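The structure appears right after this line, and notes come after that.
Keep in mind that what you see is a predicted model, and the values were worked out from it rather than measured. Side-chain atoms are counted along with the backbone in the values below, which use heavy atoms only and exclude waters and symmetry mates. Quick note: residue numbers are just sequence positions, from 1.
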Amino acid sequence: MFGPFKPAPHIAELPAEKIDSTYRRLRWQVFAGIFFGYAAYYFVRANFDLAQKGLIEAGLYNKAELGIIGTGAGLAYGLSKFVMAGISDRSNPKVFLPFGLLLSGLCMTMMGLMPWATSGIAVMFIMIFLNGWFQGMGWPPCGRTMVHWWSKSERGTIVSIWNCAHNVGGMVPGAMVLLASAIYFSNHGVQATAKDVWQQALYYPGIAAMIAAIPVYFVMKDTPQSCGLPAIEKWRNDYPDDYNEKTYEHDLSTKEIFVTYVLKNKLLWYIAIANVFVYLIRYGVLKWSPVYLGEVKHFNIKGTAWAYTIYELAAIPGTLLCGWVSDKVFKGKRGLTGFIFMILTTIAVVALWKNPATPEAELAQYANHAWYENPYQLTDFILMTTIGFLIYGPVMLIGLHALELAPKKAAGTSAGFTGLFGYLGGTVSASAVVGWAAEYYGWDGGFYVMIAGGVLAVLLMLIVMLEEGKHKAKLADHYGK
């Protein structure tokens with residue numbers, strides 16, 4: 001790498017009496033950087049979903065067109081997460097992480113404030129593609145940081161906590177739509193509709209993301225060795241079974257990273273394919289719920305914003321529970337834990353689909369009531385919350401498993417490989433295929449796609465579970481040796 005992106009050089013080790021206190025302090029500081037930095041990426045990861053209903057109401061686009069536009073994010077992010085992971089493994093996360101955040105926030109700010117940026121399908125596709133590409137600069141430096149600052153025996157817990165950054169950040173777009181609606185009401189004296197606040201749904205989070213990039217830069221660090229500290233395995237006396245100092249602590253060539261530690265890693269291929277269908281459920285529900293709840297379940301913009309926000313909030317305890325179950329109950333069996341969570345997730349998606357909408361005869365009765373006073377909408381809200389609680393556990397487990405299946409210097413690329421499948425296959429299908437099915441076959445068609453994805457995810461998690469057991473005694477095989 002070049003200039004400020006170059007990895008920070010190792011420096012002389014600090015005096016022994018300073019190592020423990022410095023390590024503890026910097027681990028908290030670095031964790032704050034990757035947690036809030038990655039949370040800020042989610043300000044502008046999926047906020048476009050909340051603008052879709054407004055774009056439809058304004059007569060600018062239909063669901064099929066928005067589905068095509070939305071594929072730009074999945075295509076770009078999947079490719080970028082893999083390509084940028086290889087670059088990130090040879091870069092300084094102190095610069096890499098906030099730089100991508102700044103550019104991603106700029107894309108969404110332009111879409112919200114500049115009319116040309118939403119003037120046609122091609123233009124919007126390019127803007128969404130660029131945003132997705134910059135989004136790919138978020139996960140890899142965080143994964144790289146975690147494997148350098150936390151040892152394997154504590155990594156399951158730390159990754160599950162860090163993974164909640166997805167949801168802390170994911171709640172912000174919904175909250176900003178609620179803020180925009182409140183401002184609209186204050187200025188106009190009437191309740192905002194989706195077409196009144198779709199621009200704010202884009203540029204409010206964009207500006208917030210750009211501001212957040214500044215403190216992230218100042219709190220981040222590169223490796224412990226660049227701060228005068230020993231490797232994390234040495235400090236904690238916690239070495240993996242296959243630990244090799246040359247492999248773990250020395251930079252690897254691009255060929256070694258991609259070929260030896262990724263492409264020859266059979267178990268990594270299994271979890272990458274499983275990730276396609278996990279992401280189809282995750283983003284199928286997240287991306288289309290604002291439109292579905294408004295069109296079919298008669299939610300207003302406030303109700304959909306609350307459902308979107310709580311979907312993300314529920315993921316925090318769900319992810320923590322999944323990590324704890326994986327570590328403590330199933331003793332590190334990531335495949336088994338994911339298998340169980342995906343069965344429950346698929347059941348919850350079916351329940352959301354089958355829960356009846358408010359009958360036409362009762363709409364007037366609940367017209368001036370909040371969603372929680374309408375029993376039909378309250379049930380939908382609970383089911384959305386349940387799906388959010390369950391789906392992010394498998395998302396976290398696949399990322400964690402990928403980090404554990406490669407040396408530290410290849411960890412970002414390993415995780416990027418699973419992300420490549422998840423986003424190219426999963427989010428593109430969630431956007432284009434679900435959108436197309438809903439436009440031409442009704443929302444039943446959209447749910448058929450998501451439920452089929454859930455069933456396939458369960459089957460692939462079963463394969464992962466079985467393969468995980470076969471390879472448990474042959475850890476070296478995970479690295480293509």
Side-chain angles (χ1 to χ4, degrees), residues 42-61 63 66 108 111-112 118 167-208 283-316 352-353 355-360 362-389 438 443:
Y42 269 78
F43 295 179
V44 284
R45 171 69 61 83
N47 61 314
F48 180 70
D49 302 341
L50 285 166
Q52 289 187 132
K53 183 71 162 45
L55 289 165
I56 294 171
E57 286 185 0
L60 299 174
Y61 302 96
K63 291 189 285 293
L66 290 173
M108 279 297 161
M111 288 187 71
T118 53
N167 315 108
V168 171
M171 290 187 291
V172 169
M176 289 194 170
V177 168
L178 291 172
L179 173 63
S181 299
I183 292 173
Y184 186 90
F185 179 79
S186 176
N187 291 336
H188 297 88
V190 295
Q191 295 291 343
T193 63
K195 68 179 179 181
D196 298 319
V197 294
W198 68 265
Q199 290 168 303
Q200 289 87 338
L202 297 173
Y203 74 80
Y204 276 22
I207 293 171
Y283 280 102
V285 175
L286 185 67
K287 177 170 284 294
W288 291 109
S289 61
V291 180
Y292 171 71
L293 293 176
E295 288 188 352
V296 177
K297 300 301 182 76
H298 310 295
F299 277 65
N300 60 23
I301 185 62
K302 285 187 177 181
T304 57
W306 273 114
Y308 188 97
T309 302
I310 300 302
Y311 177 91
E312 296 284 0
L313 178 62
I316 296 175
L352 176 65
W353 174 37
N355 182 52
T358 308
E360 294 288 339
E362 298 180 35
L363 283 176
Q365 175 185 343
Y366 295 110
N368 296 316
H369 291 261
W371 56 266
Y372 50 82
E373 296 175 316
N374 180 330
Y376 303 97
Q377 292 186 347
L378 178 60
T379 303
D380 287 323
F381 191 90
I382 292 170
L383 290 169
M384 279 283 294
T385 303
T386 302
I387 296 170
F389 180 87
W443 282 107

Over 12 foreign heavy atoms within 6.0 Å of CH2, Trp371: yes
Separation between CE of Met384 and CZ of Phe381, rounded to the nearest 0.5 Å: 8.5 Å
Closest non-hydrogen atom pair between Leu293 and Ala307, with its separation: CD1-CB, 3.7 Å
Counting only pairs under 3.5 Å, give me each side-chain donor-acceptor contact of residues 167-185, with atom names and distances, residues two or more places apart or in other chains.
from: Asn167; atom 1: ND2; to: Glu312; atom 2: OE1; distance (Å): 3.0
from: Ser181; atom 1: OG; to: Val177; atom 2: O; distance (Å): 2.9

Salt bridge (charged side-chain N to carboxylate O under 4.0 Å, His left out) involving Lys63 - partner list, sequence neighbours excluded: Glu295, Glu439
Closest non-hydrogen atom pair between Asn47 and Tyr308, with its separation: N-OH, 4.3 Å
With sequence neighbours excluded, residues passing side-chain hydrogen bond (donor to acceptor under 3.5 Å, both in side chains) with Asp49: Lys287
All side-chain hydrogen bond (donor to acceptor under 3.5 Å, both in side chains) counterparts of Tyr42, not counting sequence neighbours: Arg45, Arg282
Minimum heavy-atom distance between Ala46 and Leu286, given as atom pair plus value: CB-CD2, 4.1 Å
Euclidean distance, Ile382 CD1 relative to Ile310 CD1, rounded to 0.5 Å: 12.0 Å
Pro356: partners by side chain to side chain contact (heavy atoms under 4.5 Å, CB included), with sequence neighbours left out: Tyr376
Pairwise side-chain contact, Pro290 with Gln52, heavy-atom cut-off 4.5 Å (strictly under): no
Pairs meeting criterion salt bridge (charged side-chain N to carboxylate O under 4.0 Å, His left out) with involvement of residues 364-383, two or more places apart: Lys297-Asp380
Steps toward side chain to side chain contact (heavy atoms under 4.5 Å, CB included) verdict (Trp288, Trp443): CA-CA 10 Å; Trp288 291 109; Trp443 282 107; 3.9 Å; yes
Side chain to side chain contact (heavy atoms under 4.5 Å, CB included) between Phe299 and Asn374, intermediate numbers included: CA-CA 10 Å; Phe299 277 65; Asn374 180 330; over 6 Å; no
Within 6.0 angstrom of Asn368 CG, more than 12 heavy atoms from elsewhere: no
Tyr283: ring-ring contact (aromatic ring centres under 6.0 Å, His included) partners, not counting sequence neighbours: Tyr279, Tyr423
Tyr311 vs Phe389 side-chain heavy atoms within contact, under 4.5 Å: no
Gln377 side-chain N/O to Thr358 backbone N/O, donor-acceptor pair under 3.5 Å: no
Residue pairs, two or more places apart or on separate chains, that pass salt bridge (charged side-chain N to carboxylate O under 4.0 Å, His left out) and touch residues 177-187: none
Results of side-chain hydrogen bond (donor to acceptor under 3.5 Å, both in side chains) for Trp353 - residues two or more places apart only: Asp444
Would you list the atom pairs, donor with acceptor, under 3.5 Å between side chains in residues 194-203 and any protein atom, with sequence neighbours excluded?
from: Asp196; atom 1: OD2; to: Thr193; atom 2: N; distance (Å): 2.9
from: Asp196; atom 1: OD2; to: Thr193; atom 2: OG1; distance (Å): 2.8

Pairs satisfying salt bridge (charged side-chain N to carboxylate O under 4.0 Å, His left out), at least one member in residues 51-60, at least two apart: Lys53-Glu57
Side chain to side chain contact (heavy atoms under 4.5 Å, CB included) evaluation trace for Thr118 with Leu60: CA-CA 9 Å; Thr118 53; Leu60 299 174; over 6 Å; no
Sequence-distant partners of Lys302, side-chain hydrogen bond (donor to acceptor under 3.5 Å, both in side chains), two or more places apart: Gln191
